Protein chains: 2
Amino acid sequence: MTLNAKQKKALKTKKRILETALELFSQKGYNQVTVDEIVEKSKTSKGAFYGHFASKSEIFLEKFKEIDNFYDEFCKTLPNELSAKEKIIRLSITQMKYLKNDLGKELMQTIYMNPQSAKFLADTNRRLYHILENYLQEGQEKGEFTKDFSIQELAMIISRCMRGTLYDWFIFEKELDPVIEIEKMLQAVFQGIEKY
Amino acid sequence: MTLNAKQKKALKTKKRILETALELFSQKGYNQVTVDEIVEKSKTSKGAFYGHFASKSEIFLEKFKEIDNFYDEFCKTLPNELSAKEKIIRLSITQMKYLKNDLGKELMQTIYMNPQSAKFLADTNRRLYHILENYLQEGQEKGEFTKDFSIQELAMIISRCMRGTLYDWFIFEKELDPVIEIEKMLQAVFQGIEKY
DNA sequence: GGTCTATAAAGACTACAGTCTATTTTTTAT
DNA sequence: ATAAAAAATAGACTGTAGTCTTTATAGACC
């Protein structure tokens, strides 16, 4: 982690590009901003831009990755005595609020609709999966959840509900609220829609 | 439906473009084919292409819409005495097989990852939603399903499971089988993952 | 301190989806 | 038949993401 002068300068360039780009995106929207514009305003060059980022959308991915701070913060403030189910529901709802209010629909849609950046969502080593797996394990151990599925399968099911809900947020014209939608979705998944 | 000579000719042009494009896509893959190439091979022009299709990906959307034939066929062969749950499960599984084997991952991914064409998936007037709503209504009436959700909400939940599963098919590196995944997903949604 | 190498940055260039204007072809009205 | 209007098609042109080649800069080694 001990950087020499050259590396420090490069990092400063990267930061300048990132900040300029995010600034422009928030001013005019992702699709209204060109890479040429970012490069011009940040006084860098195409070479510098693509040396630091693989694509225009990767800028958003970088921003999106800050979500790990959100998860950390969330875990800290969550009362431990809640049921595992309640923890997962609160995680999901709080997360949706964060994505909706702090990151915004355009950023999320850009990541989700881009095959390259969307791959990151499938990385089962990201914080989200670890947290989910913990709560699920706790739930299974306490006998709250079925053991018909493995922890990994359950994490996949829950996280898929999140992805499905977010995806629907992007594609439905009539403005869908991801917070309300994830709540309904999870209610169905936890209790089931069958009568017994 | 009575076309004059001009309209008939235009339709022939459209058909020629469509067939040439699909042929090329299947030969080299969607991303390896350019509109210029389609236009050249079909002996038409950019003007003709964009007169008939709003975008390159709309070609795939056109092909995707044939799915209604699949749904019709499916409904015809489905035994009526099955439970509503069983009907929905069979619909989902058979559909996934169709998407995977007949349409293919690239076509589906192209539609799903494209904001313009993805809007079509959100059209609640497509055949899929009507069929789902029928089965769900049948299930609610027979007392198979909870009435905590409206038919429309249930259709949204089930179809979102489908979309989420397909989306995951696209983004996970390690080849996911959408047929197996939808089965697990629905098992969870029908029975719930909570122990009671 | 000079040469050699590796990394960063510059910016010209390419590829390609989609637009725009011009031209041809067909229909309609007289 | 002929002029005017409408529709379809041709293909030149534009915008922009991303690549490629060149140049500058800094560290390393003698």
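The structure displayed is predicted, hence computed values, not measured ones. Note on naming: letters A, B, ... go to the chains in the order of the sequence lines (proteins, then strands), and numbering restarts at 1 for each one.
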Spacing of A/Gln32 atom CD relative to D/dA17 atom P, expressed in whole Å: 11 Å
Rounded interatomic separation in angstrom, taking CD from B/Glu40 and P from D/dT9: 18 Å
Whole-Å distance separating the CZ atom of B/Arg16 from the C1' atom of D/dT9: 11 Å
Phosphate OP1/OP2 of C/dA17 contacted by B/Lys56 side-chain N/O (<4.0 Å): yes
Atom-pair distance (CD1 on A/Ile38; P on C/dA10), nearest Å: 15 Å
5′-ward residue of the pair A/Ala48/A/Asp36 relative to DNA chain C: A/Ala48
Check: A/Arg126 side chain, A/Leu121 main-chain N or O, donor-acceptor pair, under 3.5 Å: yes
Short side-chain N/O contact to D/dT9 OP1/OP2 from B/Thr13, under 4.0 Å: yes
Atom-to-atom span, CG of B/Asn114 to C1' of C/dG18 - whole angstrom: 13 Å
Nucleotide nearest B/Lys46 when distance is taken to its side chain, options C/dG18, C/dA8, D/dG18: C/dG18
Protein-nucleotide distance (B/Ile17, atom CD1; D/dA10, atom C1'), rounded to Å: 12 Å
Residue closer to the 5' end of DNA chain D, A/Thr34 versus A/Gly47 (nearest nucleotide): A/Thr34
Given D/dA8, D/dA17, D/dA10, the nucleotide with the shortest approach to the side chain of A/Tyr50: D/dA17
Closest-nucleotide ordering on DNA chain C, the 5'-leading residue of B/Tyr30 and B/Asn4: B/Tyr30
Spacing between A/Asn31 atom CG and D/dG15 atom P, to the nearest angstrom: 17 Å
Polar side-chain atom of B/Gln7 near backbone of B/Asn4 as donor-acceptor pair, under 3.5 Å: yes
Closest nucleotide among D/dG18, D/dT9, C/dG18 to the A/Ser55 side chain: D/dG18
Row check, B/Phe74 ring normal vs B/Lys87 NZ/CZ: under 6.0 Å, within 45°: no
Aromatic ring pairing B/Phe64/B/Phe120, orientation class (parallel under 30°, perpendicular over 60°, tilted between): perpendicular
Phosphate OP1/OP2 of C/dA10 contacted by A/Ser45 side-chain N/O (<4.0 Å): yes
Cation-aromatic face contact A/Lys56/A/Tyr30, 6.0 Å, 45 degrees: yes
Spacing between B/Glu37 atom CD and C/dA15 atom P, to the nearest angstrom: 14 Å
